[in-house]
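Everything below concerns the one structure shown next.
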Amino acid sequence: MDASSDTAIAALLLDWYDVHARDLPWRALPGSSSPDPYRVWLSEVMLQQTTVAAVKDYFAAFTTRWSTVEALAAAADEEVMAAWAGLGYYARARNLMACAREVARLGRFPDTEEGLRALPGLGAYTAAAVAAIAFGRRAVVVDANVERVVSRLFAIEEPLPGSRPAIRAKADAITPDARAGDFAQAMMDLGATVCTSRNPRCLLCPIAAPCKARRMGDPARLPVKAPKKAKAVRQGRAFWIEREETSEVWLVRRPGSGMLGGMRALPDDGWAARADGSGNGPLAGPWESAGKVGHVFTHFALELNLSVYLGDRFDGLGEGEWWPIDRIDEAGLPTLFAKAARLALAMAVDEKEDA
DNA sequence: AAAACGTGGCT
DNA sequence: TAGCCAAGTTT
């Protein structure tokens, strides 16, 4: 592929984008000026390893509650962590606050890829995306969509992740000097709606003509990926400690790094730090079993047994807080513990029905 | 450099 | 349904 056809690919994609761009909340309104860097940055962080559908409500909630980066910088850590609950990869929320505070200190977002890359939570992808989309800089934006589109377009047979340097070189070659932000978003929209992982819709593709994988007959075969390791299944135990006289449950704050770091949680037996939990709780009990919940994390699956204590002796509980059970939805529990809470409450309902 | 780090939707 | 996959970053 020579330089002139690389230019042609960008033109085809931009023409397609002018007609088919998805209408997403963090994109500038048609006809308006450049999008707000705060909204671009926030959306890009939320979208890391996360689908558009999952992000939409969180983006609306965050921008309603904190409409500027200064407002977010001034927010309390626990408020932001609770607002992020359920979205996953909680290091993103911790980095989000650190980044907002750094930007507030600087007075504005850096407007170069290099400057952005130095902020917490902005890696190669996000720095390039914000530089291109919010500041119109030419930057080579490579995410999983771009990897897929480029792998197919140029029929790159080497498996990921080894093919990343070759993919980046090709992405660089087709990235235009003008409208680099639109080009990046065009590639991502194409990957999300046309050049999909399974069942690519080549008949709708604006760059089907130059696509080598399509010519070879089986575009879905690419990109080739290295095989994944099987997930181990761990056992753990969590504890629902209820103070009956006030209808409150005991919640703790998890350590600031590691699994679900910084999030509110039910007390547990340390399953996150070992292959399995110790089985020990923060109280002597007696415990009643409420059953178990299953949850799959990125690198292991967990079977979490839930034990319940209802009583009035709470010796040795340590750090934590009593939380009103009727407002448990507002505690900002990550999904694993939200499931466990649901189980405890379902058990309570069952027992009431039995009585 | 390989592993840690969430979750929900789709097939 | 069990596995695959998503607008990756950090250590």
Side-chain angles (χ1 to χ4, degrees), chain A residues 21-22 24-27 39-59 81 84-96 98-99 116-134 139-149 160-162 164 168 171 181 183-193 195-199 220 223 225-234 254-263 265 272-273 293-302 304 332-339:
Chain A
R22 287 179 292 174
L24 301 174
W26 42 87
R27 287 185 175 165
R39 295 168 64 88
V40 173
W41 161 73
L42 179 62
S43 68
E44 289 300 342
V45 173
M46 287 184 166
L47 286 161
Q48 289 166 4
Q49 297 284 282
T50 308
T51 58
V52 166
V55 164
K56 276 185 172 166
D57 289 348
Y58 285 86
F59 182 81
M81 296 309 287
W84 196 275
L87 198 54
Y89 283 145
Y90 298 99
R92 293 185 294 173
R94 304 193 297 267
N95 286 329
L96 193 78
C99 183
L116 290 160
R117 179 68 182 81
L119 295 171
L122 281 83
Y125 163 77
T126 306
V130 175
I133 297 168
V140 182
V141 180
V142 182
D143 74 325
N145 288 299
V146 174
E147 287 180 350
R148 187 169 56 254
V149 171
L160 285 168
R164 294 228 161 95
R168 164 161 288 278
F183 176 78
Q185 294 179 92
M187 290 284 278
M188 294 190 278
D189 277 16
L190 188 76
T193 64
C195 194
T196 48
S197 183
R198 284 162 293 200
N199 305 316
K225 297 193 175 178
K228 312 204 160 166
K229 282 192 272 189
K231 280 186 169 85
V233 179
R234 289 192 202 174
R254 297 178 64 81
S257 63
M259 290 289 305
L260 312 176
M263 300 300 287
V293 297
H295 195 73
V296 180
F297 294 107
T298 306
H299 54 297
F300 65 92
L302 178 68
L304 186 72
L333 296 177
T335 299
L336 168 68
F337 293 111
K339 284 183 188 174

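Just the heavy atoms: all of them, side chains too, but no hydrogens, waters or symmetry mates, feed the values below. As the structure is a prediction and not an experimental result, all values here were calculated from the model. Per chain, numbering begins at 1; letters A, B, ... match sequence-line order.
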For nucleotides 8-10 of chain B, which of its nitrogen or oxygen atoms have a protein nitrogen or oxygen under 3.5 Å away, and what is each distance?
none

Q. With a 4.0 Å cut-off on heavy atoms, is A/W84 in touch with a base, just the backbone sugar-phosphate, or nothing at all?
A. nothing
Q. Taking NZ from A/K231 and C1' from C/dG3, how many angstroms apart are they, rounded to a whole number?
A. 8 Å
(Q) As a quick check of understanding, evaluate side chain to side chain contact (heavy atoms under 4.5 Å, CB included) for A/I133 and A/E44, giving each step before the final call. (A) CA-CA 10 Å; A/I133 297 168; A/E44 289 300 342; 3.5 Å; yes
Q: Would you sort out whether A/Q48 and A/Y125 count as a side chain to side chain donor-acceptor pair (under 3.5 Å), showing the intermediate values?
A: CA-CA 9 Å; A/Q48 289 166 4; A/Y125 163 77; over 6 Å; no
Q. In whole Å, what is the span from the CZ atom of A/R92 to the C1' atom of C/dA6?
A. 10 Å
Atom pairs, protein N/O to nucleotides 8-11 of chain C N/O, distance under 3.5 Å:
| from | atom 1 | to | atom 2 | distance (Å) |
| --- | --- | --- | --- | --- |
| C/dG8 | OP1 | A/A144 | N | 3.3 |
| C/dG8 | OP2 | A/Q49 | N | 2.7 |
| C/dG8 | OP2 | A/Q49 | NE2 | 3.1 |
| C/dG8 | O5' | A/Q49 | N | 3.3 |
| C/dT9 | OP1 | A/G123 | N | 2.7 |
| C/dT9 | OP1 | A/G123 | O | 3.4 |
| C/dT9 | OP1 | A/T126 | N | 3.0 |
| C/dT9 | OP1 | A/T126 | OG1 | 2.8 |
| C/dT9 | OP2 | A/A124 | N | 3.4 |
| C/dT9 | OP2 | A/Y125 | N | 3.3 |
| C/dT10 | OP1 | A/G121 | N | 2.6 |

Q.
From CD of A/E147 over to P of C/dA7, roughly how many Å is that when rounded to an integer?
A. 10 Å
Q: Quickly work out the A/M263 CE to B/dC5 C1' distance and round it to whole Å.
A: 13 Å
(Q) I'd like to know whether A/L122 forms a side chain to side chain contact (heavy atoms under 4.5 Å, CB included) with A/R117, so could you lay out the CA-CA distance, the side-chain angles of the two residues, the decisive distance to 0.1 Å, and finally the verdict. (A) CA-CA 5 Å; A/L122 281 83; A/R117 179 68 182 81; 5.7 Å; no
Q) Just to confirm, is there a sub-4.0 Å distance from OP1 or OP2 of B/dC5 to any side-chain nitrogen or oxygen of A/H299? A) yes
Q: Output all residues satisfying ring-ring contact (aromatic ring centres under 6.0 Å, His included) with A/F59, sequence neighbours left out; order by chain, then residue number.
A: A/W26
Q. In whole Å, what is the span from the CG atom of A/L160 to the C1' atom of C/dC5?
A. 13 Å
Q | Sugar-phosphate only, base, or nothing, as touched by A/L260 at under 4.0 Å among non-hydrogen atoms | A | sugar-phosphate
Q: Take atom P in B/dG6 and the same atom in C/dT11, then report the distance between them in whole Å.
A: 14 Å
Q: For A/G88 and for A/N199, locate the closest nucleotide of DNA chain B by heavy-atom distance; then report the residue assigned to the nucleotide nearer the 5' terminus.
A: A/G88
Q.
Go through it in stages, so that I can follow the logic: the residues are A/K229 and A/H299, the test is side chain to side chain contact (heavy atoms under 4.5 Å, CB included), and I'd like the CA-CA distance, side-chain angles, deciding distance and then a yes or no.
A. CA-CA 9 Å; A/K229 282 192 272 189; A/H299 54 297; over 6 Å; no
Q) Side chains of A/T298 and A/Y89: does their closest heavy-atom pair fall under 4.5 Å? A) yes
Q) How is A/L96 classified with respect to the nucleic acid when contacts are heavy atoms under 4.0 Å: base, sugar-phosphate, or nothing? A) nothing
Q. In whole Å, what is the span from the CZ atom of A/R148 to the P atom of C/dA6?
A. 5 Å
Q: Considering only atom C1', compute the distance from C/dT9 to B/dA1 and round it to an integer number of Å.
A: 14 Å
Q: Using a 4.0 Å heavy-atom cut-off across all strands, classify A/G261 as base, sugar-phosphate, or nothing.
A: nothing
**Q.** Distance in angstrom units between A/K228 NZ and B/dA2 C1', rounded
**A.** 15 Å
**Q.** Ranges pairing with ranges for DNA chain B, where each run has three or more Watson-Crick or G-U pairs under 3.5 Å
**A.** B:2-5 with C:8-11, B:7-11 with C:2-6
Q.
What's A/M46 touching, base or sugar-phosphate or nothing? Going by heavy atoms closer than 4.0 Å.
A. nothing
Q. To the nearest angstrom, how far is A/R234 atom CZ from B/dA4 atom C1'?
A. 10 Å
Q: For A/V296, report the nucleic acid contact type (base, sugar-phosphate, nothing); a contact means any heavy atom under 4.0 Å.
A: base
Q) Using atom P of each nucleotide, how far apart are B/dA4 and C/dA7 to the nearest Å? A) 24 Å
Q: Respond yes when some side-chain nitrogen or oxygen of A/K225 is under 4.0 Å from OP1 or OP2 of C/dA6, and no when none is.
A: yes
Q: Go through the structure and list residues passing salt bridge (charged side-chain N to carboxylate O under 4.0 Å, His left out) with A/R254, not counting sequence neighbours.
A: A/D268
Q) Would you call the rings of A/H295 and A/F297 parallel, tilted or perpendicular if under 30° counts as parallel and over 60° as perpendicular? A) perpendicular
Q. Could a donor-acceptor pair under 3.5 angstrom be found where the side chain of A/R22 meets the base of C/dA7?
A. yes
Q. Could you walk me through whether A/L42 and A/R39 pass the side chain to side chain contact (heavy atoms under 4.5 Å, CB included) check?
A. CA-CA 5 Å; A/L42 179 62; A/R39 295 168 64 88; 5.7 Å; no
Q) So how far is it from A/D143 CG to A/T126 OG1, rounded to the nearest 0.5 Å? A) 9.5 Å
**Q.** Side-chain donor-acceptor pair present, A/R92, A/N95, cut-off under 3.5 Å
**A.** no
Q) Which pairs with one or both residues in residues 183-192 of chain A pass salt bridge (Lys or Arg N to Asp or Glu O under 4.0 Å), sequence neighbours excluded? A) A/R22-A/D189, A/R27-A/D189
Q | Residue pair A/L333 / A/K339, side-chain heavy-atom distance below 4.5 Å | A | no
